[in-house]
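Computation of the quantities below employed the complete heavy-atom set of this structure, encompassing side-chain atoms and omitting hydrogens, waters and symmetry-equivalent molecules. Since the structure is predicted, the reported quantities are computational estimates derived from the model, not experimental observations.
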Amino acid sequence: MFCVMFPQVRGNPGAFRRSLMFSAWSYLGFETYQLLSPAAVVHAAAKGFRVEEILQQADYLYESGETERLYQLLTQHKDSEDAELLWRLARASRDLAQLSGTSAEERKALVYEALEYAKRALEKNEASFAAHKWYAICISDVGDYEGIKAKIANAYVIKEHFEKAIELNPKDATSIHLMGIWCYTFAEMPWYQRRIANMLFAAPPSSTYEEALGYFQKAEQGKTYLKLQNKKLAAFWLLKAKDYPACTEEDKQIQREAAQLLAEFSGKN
């Protein structure tokens with residue numbers, strides 16, 4: 001189901017990363033920061049950096065692909081009341097869970113941990129589009145451990161929060177892309193899952209490839225083009241995904257998947 005597809009997402013897949021602008025003070029600070037050991041970073045953070053400075057450091061580490069250091073930094077502030085910090089901690093927990101060196105037991109713990117942080121972020125600020133987005137993503141991940149019935153039930157919640165994220169920030173390509181994945185997945189739901197859904201729910205979740213295409217067009221993504229036989233556009237978007245610079249394990253997975261789809265696509269033409 002769509003829960004399996006979401007590891008493609010980093011929270012803005014590589015193509016949607018924000019460009020950061022640092023002040024002269026920030027630049028010098030980060031140059032020094034790179035030289036610090038993880039223990040020194042944690043110690044500095046624990047001594048009371050303002051939230052804004054912690055968020056700057058977190059965004060720097062995220063852009064650098066320093067997943068473990070990012071998690072270590074943010075967990076020092078896991079009791080924070082700041083929604084911006086909490087949704088970043090949810091993202092960091094999920095990213096850590098996705099690393100190849102993370103054991104299955106650790107991965108499961110991190111997935112549930114990420115959901116808790118995302119839930120708290122949403123409680124602290126319901127007007128945060130990122131909190132809605134990460135709450136939806138984390139609910140999807142948890143579904144992998146709770147069975148098909150929970151996955152289908154969670155689908156309604158996931159859609160609701162992606163739609164809310166888009167409403168709050170119509171320009172966030174990540175939320176739009178994820179909404180497209182939601183539609184794409186339910187458009188191609190296997191018959192046996194559809195039968196289970198029909199037995200469990202009066203109105204099971206459903207969608208169409210055309211609806212998914214609408215979201216993908218906005219978010220500059222293209223798997224759905226293959227289903228709709230628009231091969232030229234499919235090749236264009238898959239090539240973009242394959243060639244985008246990879247910083248994390250998930251980025252590399254996106255590239256491998258795009259390259260594989262592109263190879264299959266080329267072999268048919």
Side-chain angles (χ1 to χ4, degrees), residues 9-99 102 106 109-138 161 164-165 168-169 171-175 245-251:
V9 180
R10 271 184 69 223
N12 93 39
F16 309 130
R17 293 197 190 102
R18 302 185 311 280
S19 60
L20 299 176
M21 297 181 64
F22 299 115
S23 64
W25 181 92
S26 298
Y27 177 79
L28 292 173
F30 287 125
E31 287 295 299
T32 303
Y33 179 75
Q34 284 183 286
L35 301 177
L36 296 176
S37 67
V41 171
V42 169
H43 178 70
K47 294 192 73 171
F49 275 6
R50 295 194 307 274
V51 170
E52 293 81 2
E53 293 170 340
I54 296 168
L55 295 182
Q56 273 194 328
Q57 290 184 5
D59 288 345
Y60 177 79
L61 289 173
Y62 178 71
E63 293 294 326
S64 302
E66 294 281 355
T67 303
E68 294 179 354
R69 287 191 178 188
L70 174 59
Y71 177 79
Q72 185 181 36
L73 170 66
L74 292 178
T75 49
Q76 301 304 305
H77 307 278
K78 62 183 180 181
D79 296 324
S80 172
E81 300 292 310
D82 189 271
E84 290 296 303
L85 192 152
L86 289 169
W87 74 252
R88 282 172 171 81
L89 182 51
R91 180 181 65 182
S93 301
R94 183 182 185 275
D95 282 350
L96 189 60
Q98 297 295 323
L99 293 180
T102 303
E106 291 172 327
L110 285 165
V111 162
Y112 279 92
E113 184 179 319
L115 177 59
E116 183 59 31
Y117 294 138
K119 180 180 179 181
R120 285 176 50 208
L122 196 56
E123 291 171 350
K124 299 302 178 185
N125 185 5
E126 291 188 356
S128 168
F129 82 92
H132 283 280
K133 173 171 63 179
W134 282 97
Y135 184 62
I137 291 171
C138 292
H161 285 282
K164 186 63 176 178
L168 290 168
N169 185 358
K171 295 183 179 180
D172 180 49
T174 306
S175 298
C247 293
T248 68
E249 290 290 330
E250 285 188 296
D251 285 343

Can you tell me if Ser64 uses its side chain to pair, donor with acceptor, with the backbone of Glu66 under 3.5 Å? no
If the condition is side chain to side chain contact (heavy atoms under 4.5 Å, CB included), which residues does Leu168 pass it with, not counting sequence neighbours? Phe129, His132, Lys164
If you round to the nearest 0.5 Å, how far is CD of Gln72 from OG1 of Thr67? 12.5 Å
With sequence neighbours left out, the residues meeting side chain to side chain donor-acceptor pair (under 3.5 Å) with Ser175 are Asp172
Taking the side chain as every heavy atom from C-beta outward, state whether Leu115 and Val111 have any atom pair closer than 4.5 Å. no
Compute whether any side-chain donor of one residue and acceptor of the other, for Gln56 and Tyr60, lie under 3.5 angstrom apart. no
Please name all residues satisfying side chain to side chain donor-acceptor pair (under 3.5 Å) with Glu106, sequence neighbours left out, ordered by chain then number. Ser103
Closest non-hydrogen atom pair between Ser93 and Tyr71, with its separation: OG-CE1, 3.5 Å
Closer than 3.5 angstrom, by distance alone: can the side chain of Thr102 be matched with the main-chain N or O of Leu96 as a donor-acceptor pair? yes
Separation of Leu70 CG from Arg91 CZ (nearest 0.5 Å): 7.0 Å
For Leu99 and Glu68, run side chain to side chain contact (heavy atoms under 4.5 Å, CB included): C-alpha distance rounded to whole Å, both residues' side-chain angles, the deciding distance at 0.1 Å, then the answer. CA-CA 9 Å; Leu99 293 180; Glu68 294 179 354; 4.1 Å; yes
Over all heavy atoms of both residues, which pair between Leu74 and Ala92 is shortest? Give the atoms and the distance, please. CD1-CB, 4.3 Å
Test Tyr117 against Glu113 for side-chain hydrogen bond (donor to acceptor under 3.5 Å, both in side chains), laying out the working first. CA-CA 6 Å; Tyr117 294 138; Glu113 184 179 319; 3.2 Å; yes
Donor-acceptor pair, Ser128 side chain versus Ala131 backbone, under 3.5 Å? yes
If we only count heavy atoms from C-beta on, is the Arg94 to Ile137 side-chain gap below 4.5 Å? yes
Please list, chain by chain and in numerical order, all residues satisfying salt bridge (Lys or Arg N to Asp or Glu O under 4.0 Å) with Glu84, sequence neighbours excluded. Arg88
Atom of Asn125, atom of Ala83 and distance for their closest heavy-atom approach: CB-CB, 3.6 Å
Nearest heavy atoms of His77 and Leu85, plus distance in Å: O-CD2, 3.6 Å
Non-hydrogen atoms of Ile54 and Leu73 that approach each other most closely: O-CD2, 4.1 Å
Salt bridge (Lys or Arg N to Asp or Glu O under 4.0 Å): pairs with one or both residues in residues 120-130, sequence neighbours excluded: Glu81-Lys124
So which atom in Trp87 and which in Ala121 form the shortest heavy-atom distance, rounded to 0.1 Å? N-CB, 3.7 Å
Taking only residues two or more places apart in sequence or in another chain, which ones pass side chain to side chain donor-acceptor pair (under 3.5 Å) with Lys119? none
